[in-house]
Amino acid sequence: MQRLFGLETEYGIIREDIEHSDPVVESMELVRCHHRPFRADWDYSGEDPKQDARGFRAKMLQQEQEEIEFEEKDRHRPFSFHEMKSDLMLGNGARFYNDHTHPEYSTPECTTLLSLIAHDRAGEHIVRTCARKRNEFLGVPDALQLYKNNTDFHGHSYGCHDNYLLPRHVPFSDLSTHLIPFLVTRQIFSGAGKVGVEEGNDFRQAGFQLSQRADFMEVEMSIDTMHERPILNTRDEPHADRERYRRLHLIIGDANMSEFATALKVGTTALILQVIERGLAPKAAALAAPVEAVRSVSRDISLKIPLRLADGRSISAVDHQRLYLESAQKAFPSSDTEAQWILEQWERTLNTLDADPMQLSDRLDWVAKKWLLEAFIDAEGTDWEDTRLTGLDLEYHNLDPERGLFLGLEMEGEMLRLITDEDILSAMENPPMDTRAGVRGLIVSKFLKDIHKIQWEKITFQGRFKKPVYLMDGLFESQAIQKEVERIRNCQTVEALLT
């Protein structure tokens, strides 16, 4: 498998020691608790959220009015735009910043699932460490709480975006045709589980569903991310050579606590993207009404209600995923060990979902959460109408190891692990050395004081060295990256770095 992928996670944040808090300020202060000092050095010049992958530039975004309202509120805050963003590029190659009302951690670019999981979990540990420092400053041990989830149960959703670098020559129409149906049913193993249903600002305590994001998907395709949320986001910001690459930015996915669920979510998607690139996608998987199907699949915990296909046939969500599994099984050789692991786990997971989903309580988030909630219902003699269930749902995602229900299960050995705690600690400090993140992270660690501006693919230095250094795309050039990493390690000055 030749691939490059990453995850962006927006964390839920709340102050429990006061009745009203400002999430913008709290997110900003949290980021600034990181040991890397804040400087307004993030370079936004290369970003264009209006560039659409369908071949045009949007005149406006649906969320622009909301952003205007944000700007009006921000004028009353004693901070500049860059101060509020508090953008940090870390020495491990990750980006950590305030995405207005949520702290966001973006992993470095990774080429393997184990590397990605380590860096995703490193993000959890980094934001947790910052929360601990913030609480020490506030003088209240549990004042600030962080949640790796996607809803506040009041109509607000925040995302976990999975990103994939793709060859530019793959037509976007091929991606939309074949990927949208796959994403609709991917949630049967990647969903984080959710109590109740949200429609607009209305929350109804109505049973349990598979996904936290499904309620918020409104259209098949759109460039927007906050209004008219799409199954397939069409923003075209490759953060790489535009002539060669595009970056697929998916906003439909849930934030997973389970390492296995993260691996299966990203791994199966990476395989299917290559299947589409090779022209091997299943021809009969198109859905009659994808947006409607996103919600119906999420709310069908039996996994048995048939989906309508575009050709008039009906199929279960599990069998729909099997169409994609079968196409991938034909596409990858047995010598590709990671691809074979994904295929084996994908097939085993689908078979178990068909037989008895509760057997997957040690690896799928929605199943583990459902098991916990049903245990509470049985113990308390209550039902799914109990308002305490939303609080338990939220605590499943709490990053505080003293309170987080998932972390409690994991510490008791009840959740499948794919990496070790040592892998996570290493990822908190060290970037992947087989992508450009290794080059970028090493430069940040060694030459931060000399950096003028920085972004994913470019670094500009200060003073007489004020010229941009473009980083390699790092998709297929691991030998070149290793050579560059060794060169940077031996450089003691920026002048030596640039010559």
Side-chain angles (χ1 to χ4, degrees), residues 6-13 23-47 74 77 79-110 116 118-137 144 146 148 158-161 163 237 239 399 424-432 435-462 468-469 471 488:
L7 289 168
E8 309 166 24
T9 302
E10 300 170 6
Y11 287 90
I13 185 169
V24 175
V25 172
E26 293 305 328
S27 298
M28 181 185 76
E29 295 292 353
L30 177 83
V31 173
R32 291 186 180 215
C33 285
H34 192 275
H35 60 75
R36 206 222 92 169
F38 163 70
R39 287 182 5 220
D41 52 20
W42 189 263
D43 183 0
Y44 286 91
S45 63
E47 298 186 11
D74 290 343
R77 295 186 173 100
F79 312 109
S80 69
F81 170 81
H82 284 283
E83 286 174 325
M84 279 188 290
K85 284 290 187 182
S86 299
D87 250 300
L88 302 180
M89 180 62 77
L90 307 184
N92 70 348
R95 181 187 181 190
F96 185 31
Y97 72 111
N98 166 29
D99 191 12
H100 207 269
T101 56
H102 297 276
E104 178 167 323
Y105 184 89
S106 302
T107 70
E109 307 91 323
C110 298
L116 180 66
H119 280 278
D120 181 48
R121 299 219 63 181
E124 295 176 22
H125 283 243
I126 286 170
V127 298
R128 183 193 304 165
T129 300
C130 290
R132 192 178 303 121
K133 291 182 180 179
R134 175 67 173 152
N135 286 335
E136 289 173 0
F137 173 81
L144 191 71
L146 292 165
K148 191 183 181 187
Y158 32 98
C160 176
H161 306 159
N163 296 273
E237 280 185 341
H239 297 314
L399 294 189
I424 298 171
L425 292 174
S426 176
M428 290 175 68
E429 301 296 332
N430 302 304
T435 76
R436 69 181 182 191
V439 176
R440 189 179 57 244
L442 196 56
I443 290 175
V444 168
S445 294
K446 292 192 68 172
F447 302 109
L448 177 62
K449 64 181 178 59
D450 300 301
I451 292 173
H452 173 61
K453 291 291 181 183
I454 190 168
Q455 54 181 263
W456 291 106
E457 72 273 23
K458 184 175 70 173
I459 298 175
T460 305
F461 291 93
Q462 304 196 54
V469 173
L471 304 176
I488 295 169

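Counting begins at 1 with the first residue of the sequence. What you see is a predicted model; the values in this text were computed from it and never measured.
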Is a donor on one side and an acceptor on the other found under 3.5 Å between the side chain of [X] and the backbone of [Y]?
| X | Y | answer |
| --- | --- | --- |
| Arg39 | Ile451 | yes |
| Asn430 | Ser426 | yes |
| Lys453 | Ala40 | yes |
| Thr460 | His452 | no |
| Arg95 | Asp87 | no |
| Ser86 | Glu83 | yes |
| Gln462 | Lys449 | yes |

(request) Carefully, step by step, assess Lys148 and Tyr105 under the rule side-chain contact (heavy atoms from CB on, under 4.5 Å). (result) CA-CA 11 Å; Lys148 191 183 181 187; Tyr105 184 89; over 6 Å; no
With a 4.5 Å cut-off on side-chain heavy atoms, are [Y] and [X] touching?
| X | Y | answer |
| --- | --- | --- |
| Tyr44 | Gln455 | no |
| Trp42 | Lys85 | no |
| Arg128 | Leu146 | no |
| Glu10 | His161 | yes |

(request) Could you walk me through whether Ile443 and Ile454 pass side-chain contact (heavy atoms from CB on, under 4.5 Å), step by step? (result) CA-CA 11 Å; Ile443 290 175; Ile454 190 168; over 6 Å; no
(message) Could you check whether atom CZ of Phe137 has more than 12 heavy atoms from other residues, nucleotides or ligands sitting under 6.0 Å from it?
(response) no
(request) Output the distance between atom CZ (Arg32) and atom CG (Leu88), rounded to the nearest 0.5 Å. (result) 9.0 Å
(message) Can you tell whether the side chains of Glu124 and Arg121 come within less than 4.0 Å, N to carboxylate O?
(response) yes
(message) Can you tell whether the side chains of Arg134 and Glu26 come within less than 4.0 Å, N to carboxylate O?
(response) yes
(request) Take Tyr97 and Glu104, measure what side-chain contact (heavy atoms from CB on, under 4.5 Å) needs, and give me the verdict at the end. (result) CA-CA 6 Å; Tyr97 72 111; Glu104 178 167 323; 3.3 Å; yes
(message) If you compare all heavy atoms of Asp41 against all heavy atoms of Arg36, which two are closest, and at what distance to 0.1 Å?
(response) OD2-NH2, 3.3 Å
(message) Tell me whether the rings of Phe461 and Phe447 are parallel (<30°), tilted (30 to 60°) or perpendicular (>60°).
(response) perpendicular
(message) Less than 3.5 Å apart, any donor N or O on the side chain of Tyr158 or Asp99 sitting next to an acceptor on the other?
(response) no
(request) Could you please spell out the steps behind the side-chain contact (heavy atoms from CB on, under 4.5 Å) verdict for Val444 and Leu90? (result) CA-CA 7 Å; Val444 168; Leu90 307 184; over 6 Å; no
